[in-house]
Amino acid sequence: MEATLQALGQILLRAVPTFLLVIFLHFYLKSVFFKPFRKLLQQRYEASEGARKVAEQSLERAAAKAAEYEAALRRAKSEVYEAQGRMHQQLQEQQESELRAARKQAEAAVARARADLAKDVEMAKDGLARESELLAQQIADSILRRSAA
């Protein structure tokens with residue numbers, strides 16, 4: 001058993017430089033490779049996180065601008081609709097006034113035509129009355145001439 005322990009001691013004695021070399025390599029790589037690498041990763045993360053935050057802010061600004069444009073568009077549409085409504089109202093009032101004027105003219109023309117027709121009727125009655133008197137006179141004269149002859 002002593003030989004086994006002695007062999008084990010020699011193996012451990014030969015393993016000590018390897019163990020020290022591994023520990024030295026660990027600390028060397030940690031300080032030379034992993035610290036700068038971790039620092040670089042942290043910088044990249046901050047840069048990408050910053051870019052993401054900038055992108056979010058940009059999206060928020062874009063959304064705010066879009067909302068402003070939509071509000072402005074709604075206001076412009078409402079102004080256009082109001083202007084169209086006013087123009088429609090003015091056009092309707094103008095058409096109504098023109099219609100009233102046309103009705104007055106038509107009523108005046110009808111009144112003139114009725115007056116002219118009434119004059120024509122009176123003149124025709126007067127003419128017929130004169131002609132009927134003339135005819136009556138001629139008939140009476142013709143009858144009297146026959147009875148006298």
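All values derive from a computational prediction rather than experimental measurement.
Applying the side-chain hydrogen bond (donor to acceptor under 3.5 Å, both in side chains) test to pairs two or more places apart or on separate chains, none has a residue in residues 109-122.
A 4.5 Å side-chain heavy-atom check between I143 and I139 finds at least one atom pair inside the cut-off. For the pair V22/H26, no side-chain contact is recorded, criterion being any heavy-atom separation below 4.5 Å from C-beta on.
Put simply, CG on L25 and OG1 on T18 are 12.0 Å apart, with the number rounded to the nearest 0.5 Å. For the atom pair L29 CG and F24 CZ, the distance stands at 9.5 Å (nearest 0.5 Å). Atom-to-atom distance recorded for E131:CD and L135:CG is 7.0 Å, nearest 0.5 angstrom. Between atom CD of residue Q138 and atom CG of residue D141 there is a gap of 8.0 Å, rounded to the nearest 0.5 Å. Of the inter-residue distances, the one linking Q137 atom CD with L144 atom CG reads 9.0 Å to the nearest 0.5 angstrom.
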(message) Set out, in order, the CA-CA distance, both residues' side-chain angles and the distance that settles side chain to side chain contact (heavy atoms under 4.5 Å, CB included) for Q42 and E46, then state yes or no.
(response) CA-CA 6 Å; Q42 183 66 28; E46 288 172 1; 3.2 Å; yes

(request) Given side chain to side chain contact (heavy atoms under 4.5 Å, CB included), test L134 with R130 step by step and report yes or no. (result) CA-CA 6 Å; L134 247 160; R130 272 186 262 125; 5.6 Å; no

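Of all heavy-atom pairs between S31 and P36, the closest is O-CD, 3.6 Å.
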Show the atom names and distances, to 0.1 Å, of all donor-acceptor pairs under 3.5 Å that link a side chain in residues 83-98 to residues at least two apart or in another chain.
residue, atom, partner, partner atom, Å
Q89, NE2, E93, OE2, 3.3
Q94, NE2, E98, OE2, 3.3
S97, OG, E93, O, 3.4
S97, OG, Q94, O, 2.8

Atom pairs and distances, side-chain donor-acceptor, residues 55-69, under 3.5 Å, sequence neighbours left out:
residue, atom, partner, partner atom, Å
E56, OE2, R52, NH1, 2.2

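Under the 4.5 Å side-chain heavy-atom criterion for ILVMFWY residues, a single connected hydrophobic cluster contains both F27 and F19.
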